[in-house]
Amino acid sequence: MENYQRSCAWSFAVFQHFKRKKVVVLNIAKKIKALNQNQNLEIVLTRDDDSFPKLTDRTGKINELKPDYAISLHINNSPRETTDSKGVEVFPQDNEVSKKLATKFSEKFQNSKIRTGNLHILRESKTPTILLELGFMNNPNERNYLASEKGQTETAEKILKFIDEN
């Protein structure tokens with residue numbers, strides 16, 4: 001019985017982290033769009049509410065819009081309840097334009113780690129795409145920073161500055 005209670009608590013904690021991640025990422029994305037003052041730059045969100053569109057719908061929208069490039073925002077999580085893992089991770093597609101964007105982004109975000117992954121958005125997007133893991137939700141310091149108004153605004157400003165320069 002004790003193991004079952006721990007499993008339920010862990011599942012609930014994971015669900016709460018997932019729900020919180022979704023809200024934090026949406027807030028940052030909305031801030032990026034709201035802070036944009038460049039009239040030559042159109043920022044389109046694949047979701048602008050608390051919905052969870054299917055991955056195929058997201059990549060379908062990107063492929064339909066044919067933007068110069070796409071950035072997919074996420075917050076990382078490790079398998080443990082808490083972690084010392086930290087930092088931004090950048091996942092590019094396997095093409096030169098995406099790899100160049102990832103390198104530039106990594107430099108802008110204090111040499112974030114560039115990773116590879118067989119991720120739907122990277123496989124299916126026809127436009128150069130990078131996926132950003134903005135920190136670890138189960139790292140208490142990063143969770144508190146990303147959940148704060150200050151952390152969300154600073155993160156949005158950094159990403160917008162990167163977009164504006166590229």
Check the pair L146, I28 against side chain to side chain contact (heavy atoms under 4.5 Å, CB included), reporting the backbone distance first and the verdict last. CA-CA 9 Å; L146 289 169; I28 292 170; 4.3 Å; yes
Side chain T153, main chain K150, donor-acceptor under 3.5 Å: no
Indicate yes or no: at least one non-hydrogen side-chain atom of T129 is less than 4.5 angstrom from one of T127. yes
Does K158 qualify as a cation-pi partner of F109, given the criterion of NZ or CZ under 6.0 Å from the six-membered ring centre and within 45 degrees of its axis? yes
At what distance, to the nearest 0.5 angstrom, does CD of Q93 lie from CG of L101? 9.5 Å
Pairwise side-chain contact, K86 with N141, heavy-atom cut-off 4.5 Å (strictly under): no
How far does OG of S112 sit from CD of E133, to the nearest 0.5 angstrom? 12.0 Å
Roughly how far, to the nearest 0.5 Å, is OG1 of T155 from CG of N27? 11.5 Å
Is there a side-chain contact between N95 and K99, using heavy atoms and a 4.5 Å cut-off? no
When you measure from the side chain of N63 to the backbone of E124, do you find a donor-acceptor pair of N or O atoms at a distance under 3.5 Å? yes
Is a side-chain donor or acceptor of S106 paired with a backbone partner of I114 at a separation under 3.5 angstrom? no
Go through it in stages, so that I can follow the logic: the residues are E157 and K31, the test is salt bridge (charged side-chain N to carboxylate O under 4.0 Å, His left out), and I'd like the CA-CA distance, side-chain angles, deciding distance and then a yes or no. CA-CA 8 Å; E157 288 171 343; K31 285 179 185 295; over 6 Å; no
Apply side chain to side chain contact (heavy atoms under 4.5 Å, CB included) to the pair L134 and I159, showing each step before the final yes or no. CA-CA 10 Å; L134 300 173; I159 294 170; 3.9 Å; yes
Any side-chain heavy atom of K126 sitting closer than 4.5 Å to one from I62? no
In this structure, CD of E89 is separated from NE2 of H74 (nearest 0.5 Å) by 12.0 Å
Taking it one step at a time, do K108 and K104 satisfy side chain to side chain contact (heavy atoms under 4.5 Å, CB included)? CA-CA 6 Å; K108 179 76 67 194; K104 288 179 179 180; over 6 Å; no
Given side chain to side chain contact (heavy atoms under 4.5 Å, CB included), test Q37 with L160 step by step and report yes or no. CA-CA 10 Å; Q37 299 295 311; L160 182 58; over 6 Å; no
Any chance the side chains of Y145 and Q152 put a donor and an acceptor closer than 3.5 Å? no
dist H120:NE2 -> L131:CG (nearest 0.5 Å) comes out at 11.5 Å
Could you check whether any side-chain heavy atom of N76 comes within less than 4.5 Å of a side-chain heavy atom of M137, counting everything from C-beta outward? no
Is it true that a side-chain atom of N36 and a backbone atom of L41 form a donor plus acceptor pair closer than 3.5 Å? yes
Mind checking whether L122 and L65 sit in one hydrophobic cluster, side chains of I, L, V, M, F, W, Y counted as touching below 4.5 Å? no
For the CZ atom of R123 and the CG atom of L55, what is their distance to the nearest 0.5 Å? 9.0 Å
Within the structure provided, determine whether V90 and K113 are in side-chain contact (heavy-atom separation under 4.5 Å). no
Output yes when a side-chain donor or acceptor of R143 lies under 3.5 Å from a complementary backbone atom of F136, and no otherwise. no
Tell me whether T59 contacts the main-chain N or O of T56 through its side chain, where contact means a donor paired with an acceptor under 3.5 Å. yes
Do the non-hydrogen side-chain atoms of Y69 and I163 ever get within less than 4.5 Å of each other? yes
A side-chain contact here means heavy atoms from C-beta on lying under 4.5 Å apart; do F91 and L119 qualify? yes
Kindly check if the number of other-residue, nucleotide or ligand heavy atoms within 6.0 Å of CD (E42) is above 12? no
